[in-house]
Amino acid sequence: MRTINVALIGNPNCGKTSLFNIVSGAREHVGNYSGVTVDAKAGSVRYKNYRINIVDLPGTYSLASYSPEELYVRQYLRDETPDVIINVVDGSNLERNLYLTTELIDMDRSMVIALNMVDELERAGVKLDCKMLGEMIGVPIVPIAARTGRGINELLDTVIRVYEGTDPAVRHIHVNLGTDIEHAVTVLKDTIKANPHVGLHFSPRYLAIKLLEKDAEVEKAIKALPSGKEIIDLRDSLLAGLPTAADDINMSIANAKYGFIAGALAETMETTKKEEINST
Ligand code: GDP
Ligand code: K
Ligand code: MG
């Protein structure tokens, strides 16, 4: 039997633990995230010809290095390199949840989106074309309701297809960050790629974006490498050459990502019961 190591990644309260419990048969606490314990719970399930090991990671809104949860998840992705990420998103709060997705896309990892709480979407009269949205962002999207177990087999089937490299929705895309920033990302990315000391845990594009965002942890790691200081100097001169003030670049990157999400949702999401929602 082959083994697939899967990590659940998503915002707090998107239903990761509910999904973990229903897949692995565990009975971990479900509810509002306390934000106190930062750890991972591991479980396992036999499905078809596979043993699927599954890890429930702390909830996080982004993969910056500001909170202990963010650092923990990022460290996990660096050190444990799961075969497939299940990015759990709360379907009733897509715009916000998909921000983390754009950061995972930067990382270029094997990934499936579990679009959770479809029951709530349906109750609100929201129609989402998961297939089209998945094709637009290059990640297969499976609608689920973790609380009831709806869609779980389809989710596991998709994990297997992504692992085996046979899912038709998988495609590597770039969220376009605008001409100026894209130019800086490309120059920095190529320099990172050319440095043989940079490890392969994270994609060069992800590292380039994090350096432009002045991510303290990534900066420290790159600086410690042979010729790493040259990469940081290049980053500084690229930032100085941008029309955007260095302090505003994080905002520009975030805006570009939110713009991408809004555009994708505008084409794939439809609210059919507007009146009803407004009158309740
Ligand atoms: P986590 O913080 O990501 O681990 O999320 P939890 O699994 O603890 O779930 C957060 C809340 O969402 C709990 O109240 C769950 O009962 C609820 N929840 C989880 N899955 C679903 C679902 O499919 N539908 C609905 N309506 N609620 C859900
Ligand atoms: K809820
Ligand atoms: Mg949880």
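Just so you know, ligand 1 is whichever comes first in the structure, and atom 1 is the first atom listed for that ligand. Numbers here simply count residues along the sequence, with the first being 1.
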Within 4.0 Å of some non-hydrogen atom of A145, the atoms of ligand 1 are 23 (O)
Under-4.0 Å salt bridge between K257 and D106:
yes
What part of N116 sits under 4.0 Å from ligand 1 if we count only heavy atoms: the side chain, the backbone, both or neither?
side chain
How does E120 reach ligand 1, by side chain, by backbone, by both or by neither, if only non-hydrogen atoms under 4.0 Å count?
side chain
Hey, is E70 close enough to R74 for a salt bridge, meaning N to O under 4.0 Å?
no
Check ion pair K229-D233 (N to O, under 4.0 angstrom)
yes
Heavy-atom nearest neighbour of atom 26 (N) of ligand 1 within options T17, N21, D119, L115
D119
Please state whether the separation between the Mg ion (ligand 3) and some N/O/S atom of T17 is under 2.8 Å?
yes
NZ or CZ of R78 within 45° of F202 ring axis and under 6.0 Å
no
All side chain to side chain donor-acceptor pair (under 3.5 Å) counterparts of K210, not counting sequence neighbours:
E103, E213
Just to be sure I'm reading this right: ignoring hydrogens, which of M117, R150, R147 gets closest to atom 12 (O) of ligand 1? Compare them by their nearest heavy atoms.
M117
Which option, V30, V88, N13, owns the non-hydrogen atom nearest atom 13 (C) of ligand 1?
V30
Looking at ligand 1, does C14 have a heavy atom less than 4.0 Å from it?
yes
Residue pairs meeting salt bridge (charged side-chain N to carboxylate O under 4.0 Å, His left out), one or both in residues 5-18, sequence neighbours left out, come to none
